[in-house]
Protein chains: 2
Amino acid sequence: MQQKVQKLFADIVDVRYPKPACSACDLRDLWCLPIGLKGPEFLQLDNIINRRKRIKRGEYLYRSGDSFRSLYALRMGFFKTVLSSENGQEYVTGFHMTGELLGLDAICNDSHSCNAIALEDSEICEIPYAALGSLCREIPALQHQFHKIMSREISRDHNLMVLLSSMHADERIAAFLINLSQRFEVRGYSPVQFQLRMTRGEIGSYLGLKLETVSRTLSKFQDEGVISVQNRLLVLNDLPRLKQTVERTRPSGPLCKN
Amino acid sequence: MQQKVQKLFADIVDVRYPKPACSACDLRDLWCLPIGLKGPEFLQLDNIINRRKRIKRGEYLYRSGDSFRSLYALRMGFFKTVLSSENGQEYVTGFHMTGELLGLDAICNDSHSCNAIALEDSEICEIPYAALGSLCREIPALQHQFHKIMSREISRDHNLMVLLSSMHADERIAAFLINLSQRFEVRGYSPVQFQLRMTRGEIGSYLGLKLETVSRTLSKFQDEGVISVQNRLLVLNDLPRLKQTVERTRPSGPLCKN
DNA sequence: CGAGTACTTGAACAGTGTCAAGCTTAGTGG
DNA sequence: CCACTAAGCTTGACACTGTTCAAGTACTCG
């Protein structure tokens, strides 16, 4: 299966593209690795990034069990990560947007523990872990940034655990929509109107709900005028009220915005 | 509040204790930082660890909002970490045993986002983050080990998310008991008989259940002969059957054992 | 020994899940 | 370009798990 994926990669790599350059990347201000780096340090980071890869919708970036060599910066696009059980059931553990880093959970086992699947045509930068480690030893700012990214992932998961263990269906959906909204906003898109890249079933899997409940809750929100849904197109008509829905349970403290 | 905690620390520090030495610590084989280090490297790690602190049951190691300076290696004892909401509700995000590292979620915000509270009299080693960073830049093995620990935390959280989003009460409790069992076993204690350090309410908070449900489920397991409970003392009479209870839903792949 | 906390158990209730049926959309191939 | 198909979505009725509320018991710790 690994070979299959690697073969797949070979097909995907588009050699016409120039080597990606972090220094020229518009993700610098986002949560990607280069935050806080100075001019020459950018070039060093550029040097270790192998090549840009395009992953079409539905394709795998990596699969559970693949040996771990690299992290992947999502240059553009949208991914989901899923854990799958022996009986074939799948559990979505995250949705990932432009600027985020994938594969962090693989370091501890030297192999990937989940599948990363593109939900739209995407582009990623491959960052060999060994080289990143070396560079972190040279550039303290990079090291710290990398630690921050891992730490943020942990914080975010803890917030999600609270959501999963204490919130009702409507609160979960509201929190989910607000989260998406904020993440789109940070990336320069409208925070009140956007296209969902995932199915109701995937949302449900992520939030611990059945797809029917997701559908019903969205319909309910629409009836109340808080949102408008047309298939995957979402309009948040009343963001304050949506936030109010979550406030009942939301934990305090610095929440992760993206 | 921060000052209060620091004052509290001053009281707790027991100067009669010698400086802790990783090289002499019996946690070396566990998941603590020193794994993979060579002789002289141990001493370097020893040098950055400030002092040993004792935290009595019920006391805080750190509070949400405290500024982040150090990570804490749990030298001996048992902690819980909790997120608290504005309305005073608390959500347990983890239970932590000897050898584990606390405070990883604070790196991203430069301040702690949860409270760490001792559930029994404990001892911790304080590891200043800045110094650890420096040392990681000198010792690749330490750097990698640190990354692995953070990565493991992420993996573990993902597994917990699957539990929270898909398992029934009895499956959650069974998974929880098995997890405790494995963690005790790794630490040289009996995997089939141990003392719970937390209340039913805390278990419930962690697993997304009400304390009544936890109590009922434990009673049910006892009626079935799978376990015996007397207050906080637990005996796992039929570990295989307990595992069978979880198998229905458990995701495949390399699960984190501790 | 007493007070407060933790725990157990019961009964009624509410929120989601389950099952089922029908509808809509997107994608495919003629 | 249209028809067809499969996948995704919506909605209803009902079942069931876990919560809520309540009462009583058993520990634990000063």
Side-chain angles (χ1 to χ4, degrees), chain A residues 56-59 80 89-92 117-121 163-177 195-224 227-234 245 248-249, chain B residues 56-59 80 89-92 117-121 163-176 195-224 227-234 245-246 248-249:
Chain A
K56 290 212 188 108
R57 199 178 121 215
E59 288 178 340
K80 67 170 177 180
Q89 203 114 19
E90 301 208 322
Y91 305 96
V92 175
I117 304 164
L119 293 183
E120 64 178 30
D121 294 359
L163 178 145
L164 289 171
S165 67
S166 69
M167 288 188 181
H168 285 187
D170 55 348
E171 300 170 319
R172 296 186 196 195
I173 300 283
F176 175 70
L177 295 180
Q195 200 80 28
L196 295 175
R197 315 296 150 102
M198 69 294 279
T199 68
R200 306 287 192 264
E202 286 163 341
I203 296 174
S205 174
Y206 181 61
L207 296 177
L209 301 169
K210 294 298 160 185
L211 69 92
E212 291 95 331
T213 307
V214 175
S215 181
R216 266 187 258 272
T217 308
L218 289 176
S219 297
K220 196 194 85 181
F221 283 166
Q222 176 156 246
D223 292 346
E224 295 169 355
I227 67 171
S228 306
V229 214
Q230 267 192 11
N231 310 318
R232 305 264 178 111
L233 178 65
L234 229 111
T245 307
R248 313 178 221 166
T249 358
Chain B
K56 291 212 187 104
R57 198 177 124 217
E59 288 177 342
K80 68 169 176 179
Q89 203 115 19
E90 301 209 320
Y91 305 97
V92 175
I117 303 163
L119 292 182
E120 65 180 27
D121 294 357
L163 177 144
L164 289 172
S165 68
S166 69
M167 289 189 181
H168 286 186
D170 55 347
E171 300 170 319
R172 296 185 196 196
I173 300 282
F176 175 70
Q195 200 79 27
L196 296 174
R197 315 295 149 106
M198 70 294 280
T199 67
R200 307 288 192 262
E202 287 163 341
I203 297 174
S205 174
Y206 182 61
L207 296 178
L209 301 169
K210 295 298 159 188
L211 69 91
E212 292 94 330
T213 307
V214 174
S215 181
R216 269 187 255 272
T217 307
L218 289 176
S219 298
K220 196 193 87 181
F221 283 166
Q222 178 157 243
D223 291 346
E224 295 169 355
I227 66 171
S228 306
V229 215
Q230 268 191 9
N231 310 319
R232 304 262 177 112
L233 178 68
L234 230 113
T245 307
V246 189
R248 312 178 220 166
T249 357

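A note on names: the letters A, B, ... follow the listed sequences, proteins ahead of strands, and every chain is numbered from 1.
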Minimum-distance pair of heavy atoms, taken over all atoms of [X] and [Y]:
{"X": "B:Arg172", "Y": "B:Leu164", "value": "NH2-O, 3.0 Å"}
{"X": "B:Met167", "Y": "B:Val246", "value": "CE-CG1, 3.7 Å"}
{"X": "A:Ala175", "Y": "A:Leu163", "value": "CB-CD1, 3.7 Å"}
{"X": "B:Ser165", "Y": "A:Ser205", "value": "OG-O, 4.0 Å"}

Checklist line | Check: A:Ser215 side chain, A:Leu211 main-chain N or O, donor-acceptor pair, under 3.5 Å | finding: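 The answer is no, because no donor-acceptor pair under 3.5 Å joins these two groups.
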Next item on the list: For A:Ile227 and A:Leu218, run side-chain contact (heavy atoms from CB on, under 4.5 Å): C-alpha distance rounded to whole Å, both residues' side-chain angles, the deciding distance at 0.1 Å, then the answer.
Entry: CA-CA 8 Å; A:Ile227 67 171; A:Leu218 289 176; 3.9 Å; yes
Protein and nucleotides 17-21 of chain C: nitrogen or oxygen contacts under 3.5 angstrom:
from   : atom 1 : to       : atom 2 : distance (Å)
C:dG17 : OP2    : A:Lys210 : N      : 3.2
C:dG17 : OP2    : A:Thr213 : OG1    : 2.5
C:dT18 : O4     : A:Arg216 : NH2    : 2.8
C:dC19 : N4     : A:Glu212 : OE2    : 3.3

Notebook entry, point to check: Within this structure, what is the CG-to-C1' distance between A:Asp170 and C:dG15, rounded to whole angstrom?
Noted result: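 Taking atom C1' of C:dG15 as the reference, CG of A:Asp170 is at 10 Å.
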Item checked: Interatomic distance, B:Gln222 CD vs C:dC7 P [rounded to whole Å] ->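 B:Gln222 atom CD is separated from C:dC7 atom P by 14 Å.
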Set of side chain to side chain contact (heavy atoms under 4.5 Å, CB included) partners for [X], sequence neighbours left out:
{"X": "B:Thr217", "answer": "B:Ala169, B:Asp170, B:Ile173, B:Thr213, B:Phe221"}
{"X": "A:Leu233", "answer": "A:Gln193, A:Gln195"}
{"X": "A:Asp121", "answer": "A:Lys56, A:Arg57"}

Margin query: Which residues in residues 197-206 of chain B have a heavy atom closer than 4.0 Å to any atom of DNA chain D?
Written below: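 Under 4.0 Å from DNA chain D: no residue of residues 197-206 of chain B.
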Next item on the list: Please find the earliest and latest nucleotides of DNA chain D, in the 5' to 3' direction, that have an atom within less than 4.0 Å of any heavy atom of chain A.
Entry: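 Counting from the 5' end, contacts occupy D:dG8 to D:dA13.
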Next item on the list: Apply side chain to side chain donor-acceptor pair (under 3.5 Å) to A:Ser228 and list each qualifying residue two or more places apart in sequence or on a separate chain.
Entry: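 Result, side chain to side chain donor-acceptor pair (under 3.5 Å) vs A:Ser228: A:Asn237.
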Next item on the list: Output all residues satisfying side chain to side chain donor-acceptor pair (under 3.5 Å) with B:Glu120, sequence neighbours left out; order by chain, then residue number.
Entry: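 B:Glu120 satisfies side chain to side chain donor-acceptor pair (under 3.5 Å) with B:Arg197 once adjacent residues are dropped.
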Next item on the list: Evaluate the side-chain contact (heavy atoms from CB on, under 4.5 Å) criterion for residues A:Leu234 and A:Leu177: first the C-alpha distance (whole Å), next the side-chain angles of each, then the deciding distance (0.1 Å), finally the verdict.
Entry: CA-CA 9 Å; A:Leu234 229 111; A:Leu177 295 180; 3.7 Å; yes
Check: Hey, does B:Arg172 reach any base, or is it just sugar-phosphate, or nothing, if we go heavy atoms under 4.0 Å?
Finding: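 Answer is nothing: B:Arg172 stays at 4.0 Å or more from every strand.
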Checklist line | Residues in salt bridge (Lys or Arg N to Asp or Glu O under 4.0 Å) contact with A:Glu202, at least two apart in sequence or another chain | finding: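 Checked A:Glu202 against salt bridge (Lys or Arg N to Asp or Glu O under 4.0 Å); matches are A:Lys80.
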Checklist line | Between the first and last five pairs of the helix from C:dC1-D:dG30 to C:dG30-D:dC1, the angle of the axes, rounded to 10 degrees | finding: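 Inter-axis angle at the termini of the helix from C:dC1-D:dG30 to C:dG30-D:dC1: 60°.
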Check: What residue pairs, at least two apart or across chains, pass salt bridge (charged side-chain N to carboxylate O under 4.0 Å, His left out) with a residue in residues 208-218 of chain A?
Finding: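 As it turns out, there is no salt bridge (charged side-chain N to carboxylate O under 4.0 Å, His left out) pair with a partner in residues 208-218 of chain A once direct neighbours are skipped.
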Pick out the pairs of N or O atoms, protein on one side and nucleotides 24-29 of chain C on the other, that lie under 3.5 Å.
from   : atom 1 : to      : atom 2 : distance (Å)
C:dG27 : OP1    : A:Arg57 : NH1    : 3.3

